[in-house]
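Written below as structure tokens is the structure these notes are about.
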Amino acid sequence: QVQLVESGGDSVQAGGSLSLSCAVSGATISSYCLGWFRQAPGKEREGVAVIDRDGFKDYGDSVKGRFTISKDSAKNTLYLQMNSLKPEDTAMYFCAADHHTRFCTVIATSHNGMDYWGAGTLVSVSS
């Protein structure tokens with residue numbers, strides 16, 4: 001059974017940084033499309049960043065240049081480094097994994113969904 005557990009969410013001031021981690025068990029992440037998604041209160045879920053099996057990275061427009069997605073296959077862990085945080089980044093952040101998708105992009109995964117999801121970690125950015 002594939003399980004994903006996020007950590008690293010916190011409350012920070014605007015302009016600050018946070019690093020999120022997602023520990024994956026029950027699967028080898030090197031063969032998965034992996035991603036970070038977020039959902040703010042009253043809003044739809046939004047794709048933040050994805051990384052495919054070959055390490056190709058794709059970002060949502062609102063986080064380009066500020067967020068960096070990465071993975072460590074030896075540790076079976078996915079990361080999201082978030083810099084220059086803004087109040088509008090406040091949301092529950094979820095990591096997700098998909099073994100079957102042919103198109104590991106933010107747009108495609110946001111539309112098609114992912115096979116496995118974590119429970120989320122809360123990021124709060126104050127102005």
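Throughout, numbering of the chain's residues begins at 1 and tracks the sequence.
Heavy atoms only, all atoms of each residue included: P87 and S126 are closest at CG-C, 4.5 Å. Of all heavy-atom pairs between A91 and A40, the closest is CB-N, 3.8 Å. Minimum heavy-atom separation, I69 to G35: CD1-CA, 4.3 Å. A pairwise comparison of heavy atoms in K57 and T68 identifies NZ-CG2, 4.4 Å as the closest pair.
In summary, the side chains of T77 and D72 do not present any donor paired with an acceptor at a separation below 3.5 Å, with no hydrogens or angles considered. Looking only at atom types and distance, the side chain of S127 has no donor-acceptor partner in the side chain of Q13 under 3.5 Å away.
In the hydrophobic clustering of this structure, V48 groups with L4; members are Ile, Leu, Val, Met, Phe, Trp, Tyr whose side-chain heavy atoms approach within less than 4.5 Å, directly or through other members. By the rule that hydrophobic residues join a cluster once side-chain heavy atoms approach within less than 4.5 Å of another member, M92 and L78 end up as members of separate clusters. V123 and Y79 fall into different hydrophobic clusters, defined by Ile, Leu, Val, Met, Phe, Trp and Tyr side-chain heavy atoms under 4.5 Å apart, directly or through other members. In terms of hydrophobic clustering, with Ile, Leu, Val, Met, Phe, Trp and Tyr side chains grouped at heavy-atom distances under 4.5 Å, V63 and V125 are assigned to a common cluster. Residue V50 is not grouped with residue W36 when hydrophobic side chains (ILVMFWY) are merged at heavy-atom distances under 4.5 angstrom, including chains of intermediate members.
Sorted by first and then second residue, the side-chain hydrogen bond (donor to acceptor under 3.5 Å, both in side chains) pairs with a member in residues 95-114 read H100-D115; sequence neighbours excluded.
Rounded to the nearest 0.5 Å, atoms CZ (F37) and SG (C95) are 10.0 Å apart. Between the OH atom in Y59 and the CG atom in L80 there is a gap of 8.0 Å [rounded to 0.5 Å]. The OG atom of S7 sits 7.5 Å away from atom CG of L20, with the distance rounded to the nearest 0.5 Å. Note that CD of E44 is 10.5 Å distant from CD of E46, once rounded to the nearest 0.5 Å. A distance of 7.0 Å separates CZ of R53 from OG of S31, quoted to the nearest 0.5 Å. For the atom pair CZ of F94 and SG of C22, the computed distance is 12.0 Å after rounding to the nearest 0.5 Å.
Between the side chain of D52 and the backbone N or O of D54 there is at least one donor-acceptor pair closer than 3.5 Å. For E6 (side chain) and A119 (main-chain N/O), a donor-acceptor pair under 3.5 Å exists by modelled atom type. Within the 3.5 Å criterion, the main-chain N or O of A27 finds a donor-acceptor partner in the side chain of N76.
Between Y93 and F67, the two ring planes are tilted [angle within 30° to 60°].
Considering T121, L85, N83 in turn, L85 is the only one that fulfils the side chain to side chain contact (heavy atoms under 4.5 Å, CB included) rule with L18.
C33 places a side-chain heavy atom less than 4.5 Å from the side chain of M114.
Counted within 6.0 Å of CG on L122, heavy atoms from surrounding residues, nucleotides or ligands total more than 12; the atom is thus considered enclosed.
Here D89 pairs with R38, R66 under the salt bridge (charged side-chain N to carboxylate O under 4.0 Å, His left out) rule; sequence neighbours left out.
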